[in-house]
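Only one structure is covered here, and it is reproduced in the block below.
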Amino acid sequence: MAAELTAHQLIAQHRPTLDLALETIRTRAYWSPHPEHPKAYGENGSLGTAEGKAAFDALLGTRLDLGQPGTDGWVGGEVSPYGVELGVEYPHADLDVLLPAMRAGQKAWRDAGPELRALVCLEILGRIAARTMEFAQAVMHTSGQAFMMAFQAGGPHAQDRGMEAVAYAYAEQSRTPGTAEWTKPQGKRDPLALTKRFTPVPRGIGLVVGCNTFPTWNGYPGLFASLATGNAVLVKPHPRAVLPLALTVRVARDVLAEAGFDPNLVALAAERPGEGIAKTLATRPEIRIVDYTGSTAFGDWLEANARQAQVYTEKAGVNTVLVESTDDYRGMLANLAFSLSLYSGQMCTTPQNLLIPRDGIRTDQGHKTYDEVSADLARAVDGLLGDDARANGLLGAIVNPDVKARLEAAAGLGEVALASREVTNPDFPDAVVRTPVIVKLDAAKPGDEAAYTSECFGPVSFAVAVDSAAHALELLRHSVREKGAMTVGAYTTDAEVEEAVQEVCLDEAAQLSLNLTGGVYVNQTAAFSDFHGSGGNPAANAALCDGAFVAGRFRVVEVRRPA
């Protein structure tokens, strides 16, 4: 079948965007081709908010047939954290049929070369971007994110992360020239002359193990990094969050076919209830790359057992903020309150431990005691979430019963500075919505250590009293080294403390945010500029996104012959 999308069309449409992405990962400046305001959608063939909702509603109760080989049944069962039964069915794959079919298309995809592969990936992302509002609904009703967050994080920000991975993949593959003429002088004899050809070749099939909370934001980097480096990609979504990645697979298959490639280069592996196919898939010999976001226990298992594959994990950690002093007390409290509340703390970057000297801190409003800081932060969160409509817009819904159980148990760990309360969502009365809890702990009490040194994923934070800034730094170093951290924050007006916290984060490879008091928050990162994770502490063995994230997905094979 002749390609409907020609290389010339793809170059004309997407090469300028690729060049901008390549320039931006070099400069680390702000740039995004994907608007993060809903009003930007609805024109030029894109779906607006109402149309996106209608497109999502039309999917409910349907069968999403992807035309994959080896389909041996249909699976489903997703229920939105907002109480809506999606009723969508997905193909269940016979892996012994599907995996060989996926490998069959890799030769042509390899031979297409880095540029064409990158441009096809950008076309896939462009098609997804045109349906951002539909994807926002799918992310909202599988993750429990509030609509605006599902739109931004699940739409433009996820698309940015996917494009960033494509840019890094192209840059790494392009470091080596396609051909070279090699001549070695031999004195009086004729020189030795060779023509050399260098080809990036894929490792094999990449497996993306999706997560429940951010299916697209966390799924797109691995998917597009593997695809752009010539690998086929099998997407295994979280059973509670299949729809956003299933839609992604459908778009990718359509674009690949239109560009003249085998659509089976991208496929979906949905699972039956309780089937747990991730371990089976991750250790199959055909799987040569694994991308995973989720619990530390399974991430550690993958690193230990998927020996035939290059494994990239983002697991979990204990994110910490050191509060030593500030020249904007009100701004600090507002910034922390938002960070603790956003998506009910169900982000791998949300602060958990707030280390506060027991003798208090210096501020522009005078000295504040540990108790005052804890109480003022509680009031800031309470004020932010006091209006139920605003609270619903920030908190979203609790994603699963485990998070709710941790939240309820946290109140028994110490003195409660801020009690969690139930919020009613008038649009979705079955949604479980809870405000954060802040619990006061003391590093001097041996019984408190177990709480603040373990991850408590969800809307739970600990205000931990410490002896001094030096004591806080000691606890921070130990925590990052032993448990890992995706983010570290610090508030200080002391140059020596600032230097010391930077040294700890450099030593332990943790990403640090200093003195955030405005509209940038410790739990948010910007594609093309900020690194998400470092790959250097136990929270993750990879960073989104750097050269190391893509370079291991391909190898360069040389063919040489006499010139």
Side-chain angles (χ1 to χ4, degrees), residues 1-22 25 33 101-129 159-179 197-208 219-235 248-267 288-289 291 310 312 545-547 549-557:
M1 182 181 71
E4 299 173 34
L5 279 171
T6 66
H8 178 75
Q9 291 171 321
L10 291 166
I11 290 170
Q13 185 167 355
H14 297 299
R15 182 69 217 204
T17 303
L18 178 60
D19 289 338
L20 281 170
L22 291 166
I25 62 173
M102 295 182 71
R103 294 176 68 177
Q106 282 199 152
K107 179 182 183 302
W109 187 235
R110 177 202 71 200
D111 294 346
E115 182 184 35
L116 186 54
R117 286 197 296 268
L119 300 178
V120 170
C121 287
L122 294 194
E123 175 67 19
I124 295 169
L125 285 164
R127 301 269 184 102
I128 292 169
Q159 295 153 21
D160 283 350
R161 283 295 181 190
M163 186 175 291
E164 175 188 47
V166 173
Y168 272 100
Y170 178 79
E172 290 299 321
Q173 292 173 96
S174 301
R175 288 186 186 278
T176 304
T179 59
R197 180 182 176 187
F198 304 97
T199 303
V201 300
R203 290 182 64 94
I205 298 175
L207 172 66
V208 174
Y220 284 5
L223 192 165
F224 286 101
S226 285
L227 193 61
T229 49
N231 303 277
V233 182
L234 180 62
V235 178
T248 301
V249 169
R250 183 162 70 175
V251 172
R253 291 174 64 85
D254 288 346
V255 170
L256 286 163
E258 290 177 33
F261 298 102
D262 190 336
N264 295 320
L265 286 165
V266 179
R288 303 302 305 279
I289 304 164
D291 286 278
Q310 184 80 31
Y312 300 91
C545 182
D546 60 7
F549 186 70
V550 298
R553 298 170 192 265
F554 69 95
R555 288 292 181 262
V556 176
V557 174

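No experiment lies behind these values; they were computed from the predicted model shown.
- The two residues Val550 and Ala165 make their nearest non-hydrogen contact at CG1-O, 3.9 Å.
- With values rounded to the nearest 0.5 angstrom, Leu116 atom CG is found 7.5 Å from Ile11 atom CD1.
- Nearest heavy-atom pair, Ala112 versus Arg117, reported as atom, atom and distance to 0.1 Å: CB-CG, 4.4 Å.
- Here the options are Val266, Val208, Ile128, Leu125, the test is side-chain contact (heavy atoms from CB on, under 4.5 Å), and the partner is Thr248; only Ile128 passes.
- Across all non-hydrogen atoms, the minimal contact from Ala225 to Arg553 is CB-NE, 3.5 Å.
- Side-chain atoms of Asn264 and Arg253, non-hydrogen and from C-beta on, do get closer than 4.5 Å to each other.
- Asp19 has a carboxylate O that lies under 4.0 Å from a charged side-chain N of Arg15, or vice versa, which qualifies the two as a salt bridge.
- Looking at every heavy atom in both residues, Ala167 comes nearest to Leu22 through O-CD2, 3.4 Å.
- Sorted by first and then second residue, the side chain to side chain donor-acceptor pair (under 3.5 Å) pairs involving residues 101-110 (not counting sequence neighbours) are Lys107-Asp111.
- A distance-only check finds no donor-acceptor pair linking the side chain of Asn231 to the backbone of Ile205 [under 3.5 Å].
- For the salt bridge (charged side-chain N to carboxylate O under 4.0 Å, His left out) test, residues two or more places apart in sequence or in another chain that qualify with Arg127 are Glu123, Glu258.
- Looking only at side-chain heavy atoms (C-beta outward), Tyr312 and Ile289 come within less than 4.5 Å of each other.
- At distances below 3.5 Å, at least one donor-acceptor pair connects side-chain atoms of Thr229 with backbone N or O atoms of Ser226.
- Checking side-chain atoms of Gln173 against main-chain N and O of Ala169 turns up a donor-acceptor pair under 3.5 Å.
- Between Val556 and Phe554, the closest heavy-atom pair is CG2-CE1, 4.0 Å.
- In this structure, the side chain of Arg203 does not engage the main chain of Arg555 through any donor-acceptor pair within 3.5 Å.
- Of all heavy-atom pairs between Glu164 and Cys545, the closest is OE1-CB, 3.4 Å.
- The closest side-chain heavy-atom distance from Leu223 to Asp291 is not below 4.5 Å.
- Annotation: side chain of Asp160 is in contact with side chain of Pro33 (closest heavy-atom distance under 4.5 Å).
- Taking the side chain as every heavy atom from C-beta outward, Tyr170 and Leu122 never approach each other to under 4.5 Å.
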